[in-house]
Amino acid sequence: VKPGGLIEALTLFESGSYDDIELEQSARELEHHYQRNGYFQARVRHERTRLGQDDEKIVFRIARGPKFKVRGVDFSGNTAFDDEALADVIETRPYTMWSWTGLVSGGYVTTLQLRQDEDRLLDHYRSAGFPDVRVRGEAAPDWQALGRSGALAAAHGTGFHHANDIVARFYVREGRRAVVRAVEFEGAFRTLLQGAIPELQLRPGQPFDEVWVAKDAKKVVNLLSEAGYLYAEVASEVERPTPGAVVVRYRVRWNAPARFGEIFVRGNFRTRLATILAEMEFAPGDPFDIARLERSEENLRRLGVFKSV
């Protein structure tokens with residue numbers, strides 16, 4: 001590992017802080033830097049020594065360990081997606097050298113990368129309707145050693161024949177697939193909002209992904225705002241009446257509809273006020289409608305006489 005890369009890995013220069021928390025963060029980043037270069041067991045600790053009233057010496061002690069190459073990646077427990085589909089989701093790749101070019105692809109893995117690949121697999125499954133999925137990534141010197149605590153260290157210490165090889169496996173517990181059975185609205189505008197269900201991401205028959213509950217609630221708020229109800233509040237809840245079925249329910253609270261107030265125009269030094277007001281698609285006292293406001297703004301732009309509106 002080139003020394004220049006080590007300096008760039010330190011976070012303390014960017015933060016301008018030299019406390020123990022920041023030094024520990026720099027030590028973790030150094031570990032990840034080595035792991036990205038194949039030293040999966042790299043460990044770094046920091047020491048600080050006061051040299052004077054305003055000076056300190058900081059030393060990072062690096063135990064690099066052996067260099068590992070990823071020789072294989074597989075998955076266990078997956079039934080909804082095959083290994084090939086899941087391999088496209090993660091970043092961990094087997095080491096491959098193309099003999100005729102000398103180019104290398106994949107080959108190294110870090111503990112951070114394993115955790116990130118776990119998250120990638122979780123997101124992939126949840127977006128497909130598996131809200132209870134669990135994923136755990138593990139690395140070992142060979143397939144038989146997977147599941148044994150300290151397998152990497154043990155293999156290296158005993159001179160295991162392939163001690164500089166590493167394999168990775170992701171254990172998946174998919175859980176039951178959940179599908180949206182119904183979307184319901186309670187409170188005001190029930191009829192209006194039922195007609196808006198096709199615009200939501202979570203619709204009957206679609207895979208359930210909890211991420212979209214809040215996003216769809218926000219879309220409902222926007223729909224009500226466009227109808228003039230600027231201060232509507234939308235609360236959401238999820239019910240699972242039967243295994244694999246989900247009902248998404250939104251409760252709507254609202255105040256009196258907003259109305260357009262007086263129209264103020266600023267910056268029209270040359271254009272008459274009457275010309276501008278003629279392009280408005282609303283008048284003071286009309287129920288507020290954001291679409292009418294946006295169309296009025298577009299009308300003014302079409303005049304071609306303003307630098308900005």
Side-chain angles (χ1 to χ4, degrees), residues 1-2 5-6 9 27-45 61-128 130-177:
V1 180
K2 296 181 180 180
L6 300 184
R28 299 292 75 78
E29 289 300 319
L30 286 172
E31 288 182 355
H32 295 154
H33 181 78
Y34 271 92
Q35 291 170 356
R36 282 191 293 270
N37 286 274
Y39 299 95
F40 189 81
Q41 291 180 312
R43 295 295 179 266
V44 179
R45 60 185 178 88
R61 300 201 178 276
I62 300 170
R64 189 178 66 179
K67 190 169 188 176
F68 295 94
K69 294 184 177 68
V70 178
R71 297 303 183 184
V73 179
D74 76 354
F75 304 87
S76 175
N78 51 305
T79 57
F81 302 98
D82 60 25
D83 286 11
E84 184 177 355
L86 296 183
D88 288 337
V89 175
I90 64 175
E91 295 295 328
T92 303
R93 298 281 190 273
Y95 180 91
T96 303
M97 175 174 285
W98 306 97
S99 58
W100 58 281
T101 64
L103 297 176
V104 173
S105 65
Y108 304 121
V109 65
T110 71
T111 52
L112 176 62
Q113 184 171 303
L114 281 177
R115 302 292 84 80
Q116 290 174 336
D117 278 344
E118 289 174 351
D119 290 340
R120 292 183 180 99
L121 290 169
L122 287 172
D123 290 343
H124 181 72
Y125 267 95
R126 287 169 180 163
S127 67
F130 293 87
D132 302 319
V133 65
R134 297 290 182 269
V135 178
R136 176 175 60 85
E138 185 179 339
D142 70 348
W143 301 112
Q144 289 72 34
L146 285 166
R148 287 164 39 195
S149 178
L152 286 175
H156 179 65
T158 57
F160 186 78
H161 180 64
H162 298 293
N164 287 357
D165 289 352
I166 191 172
V167 295
R169 173 172 292 161
F170 292 90
Y171 298 89
V172 180
R173 286 194 303 165
E174 295 179 336
R176 186 161 187 157
R177 190 169 188 259

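All figures in this text were calculated on a predicted structure; none of them were measured in a lab.
Between Pro131 and Arg176, the shortest heavy-atom distance links the atoms CD-O, 4.1 Å. Shown here for Arg43 and Glu31, the closest heavy-atom pair between the two residues is CA-OE2, 3.4 Å. The two residues Leu146 and Ala139 make their nearest non-hydrogen contact at CD2-C, 4.1 Å. When every heavy atom of Trp143 is checked against every heavy atom of Val73, the shortest pair comes out as CH2-N, 3.9 Å. The two residues Thr92 and Ala168 make their nearest non-hydrogen contact at CG2-CB, 4.4 Å. The minimum heavy-atom distance between Phe130 and Glu174, with the atom names listed, is CD2-O, 3.6 Å.
Put simply, CD on Glu118 and CZ on Arg134 are 12.0 Å apart, with the number rounded to the nearest 0.5 Å. With values rounded to the nearest 0.5 angstrom, Asp117 atom CG is found 11.0 Å from Leu122 atom CG.
Counting heavy-atom neighbours within 6.0 Å of Arg115 CZ, excluding the residue itself, gives a total above 12.
By the 4.5 Å heavy-atom criterion applied to side chains, Ile90 and Phe170 are counted as neighbours. With contacts defined as side-chain heavy-atom distances shorter than 4.5 Å, the pair Val133/Arg126 qualifies.
Applying the ring-ring contact (aromatic ring centres under 6.0 Å, His included) test to Phe81 and every residue at least two apart in sequence or in another chain returns His124, Tyr125. Under the salt bridge (Lys or Arg N to Asp or Glu O under 4.0 Å) criterion, Arg169 pairs with Asp74, sequence neighbours left out.
A salt bridge does not link Arg120 to Asp123: none of the charged nitrogens lies less than 4.0 Å from a carboxylate oxygen.
Formation of a donor-acceptor pair under 3.5 Å by the Arg177 side chain with backbone atoms of Ala128 is found in this model.
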